[in-house]
Number of protein chains: 2
Amino acid sequence: MKLTSKGRYAVMALVDLARFDSINPVSLRDISLRQSISLDFLEQIFSKLKKNNIVKSIRGINGGYILNKDPNDIKLTNIFHAVDEKVKTVQCKKDSKKGCNGKATKCITHDLWDELEVHINTFFENKSLQDLVKNNRDSRV
Amino acid sequence: MKLTSKGRYAVMALVDLARFDSINPVSLRDISLRQSISLDFLEQIFSKLKKNNIVKSIRGINGGYILNKDPNDIKLTNIFHAVDEKVKTVQCKKDSKKGCNGKATKCITHDLWDELEVHINTFFENKSLQDLVKNNRDSRV
DNA sequence: ACCATACCTGACTAAAACGGTCAAGTTTAG
DNA sequence: CTAAACTTGACCGTTTTAGTCAGGTATGGT
């Protein structure tokens with residue numbers, strides 16, 4: 001069980017963005033340099049963040065990205081959802097008539113994985129971008 | 001972020017085992033049939049469980065596996081550890097002098113991922129095999 | 001008007017992880 | 001002595017990951 005880089009980078013980039021976007025749009029190039037993330041990869045990520053209305057883009061020279069919402073209203077769960085990072089513990093399809101192992105019934109540990117998913121998602125739902133910015137406000141990165 | 005089959009199967013197999021091993025050793029073949037898990041794959045998994053003293057093997061005809069501890073003392077965290085299922089959120093090596101991105105400092109979201117790991121591991125530490133068996137005692141699978 | 005800057009898009013890919021399979025044993029009960 | 005069951009390790013096709021590459025398009029400063 002692990003988190004993918006796409007999800008991690010998305011959060012890192014947004015924390016970076018949140019710290020600077022009140023002044024000017026922030027270019028991906030700057031984020032790339034500050035956070036050591038490939039520029040091309042960032043573009044992929046921000047394309048998705050934009051589609052999900054988490055950021056807005058401003059084109060042209062001196063352009064960049066800015067947040068589209070208050071940092072308090074951007075939860076980790078929104079970010080992960082935007083970049084297709086999902087918590088997946090069970091294999092079985094919810095809409096299918098079949099159970100977890102191709103059997104008619106759900107598997108012996110099905111409820112456990114459901115419970116685990118809820119546990120993790122709760123964490124993501126309760127954590128906002130603002131929380132993360134606050135923790136980094138004083139530490140220079 | 002997802003759980004691997006190895007971890008899921010290990011838990012499923014042990015729940016199955018815990019329900020039957022008070023009578024006889026349980027053969028992997030039986031578990032394979034009941035839980036629809038490949039026999040070869042189960043052998044890989046039980047080899048690791050045995051190395052970690054979670055199960056004992058009894059060879060020969062009518063042999064099989066039995067639990068090596070009280071189901072109350074087998075936590076999910078023990079099972080996952082045994083089969084190398086780990087919660088991994090940050091890329092950076094703890095012993096390394098380098099930070100998360102090859103920089104000297106730890107990355108801007110480092111504390112977040114640590115917190116998440118703790119959150120998930122807490123869930124695993126508080127859940128025992130006995131808890132899972134209890135939940136399945138009455139439902140026929 | 002020009003052109004550098006920055007966003008935008010989609011195709012492509014090397015490497016790793018996943019989810020097993022296959023083969024060749026060894027041990028022990030009956 | 002032999003069949004059932006455990007044991008070990010090599011192998012392998014597929015999928016996912018973590019990007020790269022190669023082209024765009026839009027815009028604003030000069």
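Per chain, numbering begins at 1; letters A, B, ... match sequence-line order.
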Whole angstrom value for the distance that separates [atom2] of [N] from [atom1] of [X]:
{"X": "L3(A)", "N": "dA17(C)", "atom1": "CG", "atom2": "C1'", "result": "16 Å"}
{"X": "K88(A)", "N": "dG19(C)", "atom1": "NZ", "atom2": "P", "result": "12 Å"}
{"X": "Y9(B)", "N": "dT21(C)", "atom1": "OH", "atom2": "C1'", "result": "14 Å"}
{"X": "L42(A)", "N": "dC7(C)", "atom1": "CG", "atom2": "P", "result": "10 Å"}
{"X": "R8(B)", "N": "dC18(C)", "atom1": "CZ", "atom2": "C1'", "result": "12 Å"}
{"X": "L49(A)", "N": "dT9(C)", "atom1": "CG", "atom2": "C1'", "result": "16 Å"}
{"X": "L28(B)", "N": "dT8(D)", "atom1": "CG", "atom2": "P", "result": "13 Å"}
{"X": "L39(B)", "N": "dA4(D)", "atom1": "CG", "atom2": "C1'", "result": "12 Å"}

Euclidean distance, I31(A) CD1 relative to I45(A) CD1, rounded to 0.5 Å: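 So the CD1 of I45(A) and the CD1 of I31(A) are separated by 10.0 Å.
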
Answer yes if the side chains of S128(A) and K75(A) hold a donor-acceptor pair under 3.5 Å, and no otherwise.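 Judged by distance alone, the side chains do not pair up.
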
Side-chain N or O of [X] versus OP1/OP2 of [N]: is the shortest distance under 4.0 Å?
{"X": "S38(A)", "N": "dA18(D)", "result": "no"}
{"X": "S5(A)", "N": "dA18(D)", "result": "yes"}
{"X": "Y65(A)", "N": "dA6(C)", "result": "no"}

Only counting residues at least two apart or in another chain, list the ones meeting ring-ring contact (aromatic ring centres under 6.0 Å, His included) with H81(B).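 Not a single residue meets the ring-ring contact (aromatic ring centres under 6.0 Å, His included) criterion with H81(B).
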
Tell whether E43(B) reaches the base of dC6(D) with its side chain through a donor-acceptor pair below 3.5 angstrom.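 Side chain to base: no pair present.
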
Starting from the C-alpha separation in whole Å, work towards a yes-or-no answer on salt bridge (Lys or Arg N to Asp or Glu O under 4.0 Å) for K48(A) and D84(A). CA-CA 9 Å; K48(A) 298 190 176 200; D84(A) 304 313; 2.8 Å; yes

NA contact type, N62(B), heavy-atom cut-off 4.0 Å: base, sugar-phosphate, or nothing?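 Since only primed, P, OP1 and OP2 atoms lie under 4.0 Å of N62(B), the category is sugar-phosphate.
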
Which residues in residues 50-60 of chain B have a heavy atom closer than 4.0 Å to any atom of DNA chain C?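 Per residue number, the list reads R59(B), G60(B).
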
Taking the side chain of [X] as its heavy atoms from C-beta onward, which of [options] lies nearest to it?
{"X": "K2(A)", "options": "dA5(D), dA17(C), dA6(C)", "value": "dA17(C)"}
{"X": "Q44(B)", "options": "dA6(C), dG20(C), dT9(C)", "value": "dG20(C)"}
{"X": "S27(A)", "options": "dG19(C), dG20(C), dA6(C)", "value": "dA6(C)"}

Main-chain N/O of N72(B) paired with D70(B) side-chain donor or acceptor, under 3.5 Å: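 A pair under 3.5 Å: yes.
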
Is N68(B) reaching over with its side chain to a backbone N or O of N53(B), donor-acceptor style, under 3.5 angstrom?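 The answer is yes, because a donor-acceptor pair under 3.5 Å joins these two groups.
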
Which sits closer to the 5' end of DNA chain C, S47(A) or I61(A), going by the nucleotide each is nearest to?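 Closer to the 5' end of DNA chain C: I61(A).
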
Between D40(A) and G63(A), who's closer to the 5' end of DNA chain C by nearest nucleotide?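 The 5'-side residue here is G63(A).
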
Minimum heavy-atom separation for S32(B) to I37(B), with atom names?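 Minimum heavy-atom separation between S32(B) and I37(B): OG-O, 2.7 Å.
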
In terms of side-chain geometry, is the basic nitrogen of E115(A) or K127(B) positioned less than 4.0 Å from the acidic oxygen of its partner?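 Result for this pair is yes, salt bridge flagged.
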
